[in-house]
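Contents: one structure, followed by commentary.
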Amino acid sequence: GNSVTQMEGPVTLSEEAFLTINCTYTATGYPSLFWYVQYPGEGLQLLLKATKADDKGSNKGFEATYRKETTSFHLEKGSVQVSDSAVYFCALTPANQAGTALIFGKGTTLSVSS
Amino acid sequence: ETGVTQTPRHLVMGMTNKKSLKCEQHLGHNAMYWYKQSAKKPLELMFVYNFKEQTENNSVPSRFSPECPNSSHLFLHLHTLQPEDSALYLCASSHPTSSYEQYFGPGTRLTVT
């Protein structure tokens with residue numbers, strides 16, 4: 001079946017450090033891949049997406065590249081800020097199945113200190 | 001008007017109460033979703049509606065009853081809940097045929113006493 005595995009947290013970094021949150025997936029074909037972010041007390045916000053192999057999604061300094069060969073979609077940011085502290089979720093939609101549920105990883109908590 | 005709104009934001013109810021959660025989207029989407037987010041558990045899909053028709057029910061207990069009167073509104077009717085139903089309930093919407101990303105509301109934090 002379809003599934004998403006992301007690194008366990010929490011991840012604790014100092015401001016301006018480099019961030020990587022690993023995400024791998026299991027799915028047939030070419031699913032669409034997403035990173036969502038959840039700030040304390042809020043719902044999920046779409047951070048970035050990629051819909052085909054080798055696509056790079058980017059937003060607010062975050063990037064992730066769709067790697068079909070390694071079935072991965074790792075999230076990176078070159079210099080984190082305190083305001084990036086949140087829970088990050090990797091997710092997928094199965095290939096050619098718009099209008100169906102997202103399949104989420106368990107989430108990774110990021111804490112950035114000044 | 002923000003994209004997806006949910007009311008109430010917080011709800012405390014007893015096990016014998018009946019209450020409803022409301023979700024409204026202003027994005028022109030035709031697919032709507034209910035998810036449950038419990039502490040230390042992955043996000044769980046509950047229901048999916050496409051063009052007002054329920055297309056997925058993830059084996060949700062009957063004490064949760066969804067209603068989708070039109071493509072912009074989605075309700076979750078609650079009755080005789082259990083304490084383990086306490087969670088954050090998230091609504092989302094998407095365009096069912098032309099895009100895959102979903103847009104989420106802020107959630108309703110439900111506490112069952």
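Here the structure is a predicted model, which is why all the values come from computation and not from measurement. In what follows, chains carry the letters A, B, and so on, assigned in the order in which the sequence lines appear, proteins first and then strands, with residues in each chain numbered from 1.
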Problem set entry | Proximity breakdown for B/E44 and chain A, heavy-atom pairs closer than 4.5 Å | neither

For this session: Go through A/S32, A/A91, A/G107 and name the one with the most non-hydrogen pairs under 4.5 angstrom from chain B.
Result: A/S32

Exercise. Looking at A/Y66, is A/K56 sitting on its ring face, NZ or CZ under 6.0 Å from the six-membered ring centre and within 45 degrees of the normal?
Worked result: no

Problem set entry | Under 4.5 Å from any heavy atom of chain A - which part of B/Y35 | side chain

Problem set entry | Side chain proximity check, B/Q102 to A/Y36, heavy atoms < 4.5 angstrom | yes

Problem set entry | hydrophobic_cluster_shared for B/F75 and B/L21, side chain cutoff 4.5 Å | no

Exercise. Could you state the interatomic distance from OH (B/Y33) to CG (A/L102), rounded to the nearest 0.5 Å?
Worked result: 7.0 Å

For this session: Counting only heavy atoms closer than 4.5 Å, note whether A/Q45 contacts chain B via side chain, backbone, both or neither.
Result: neither

For this session: Below 4.5 Å from any heavy atom of chain A, which atoms of B/R109 appear? Answer side chain, backbone, both or neither.
Result: neither

Seminar exercise, completed: Output for pair (A/H74 NE2, A/I21 CD1), nearest 0.5 Å, gives 11.5 Å

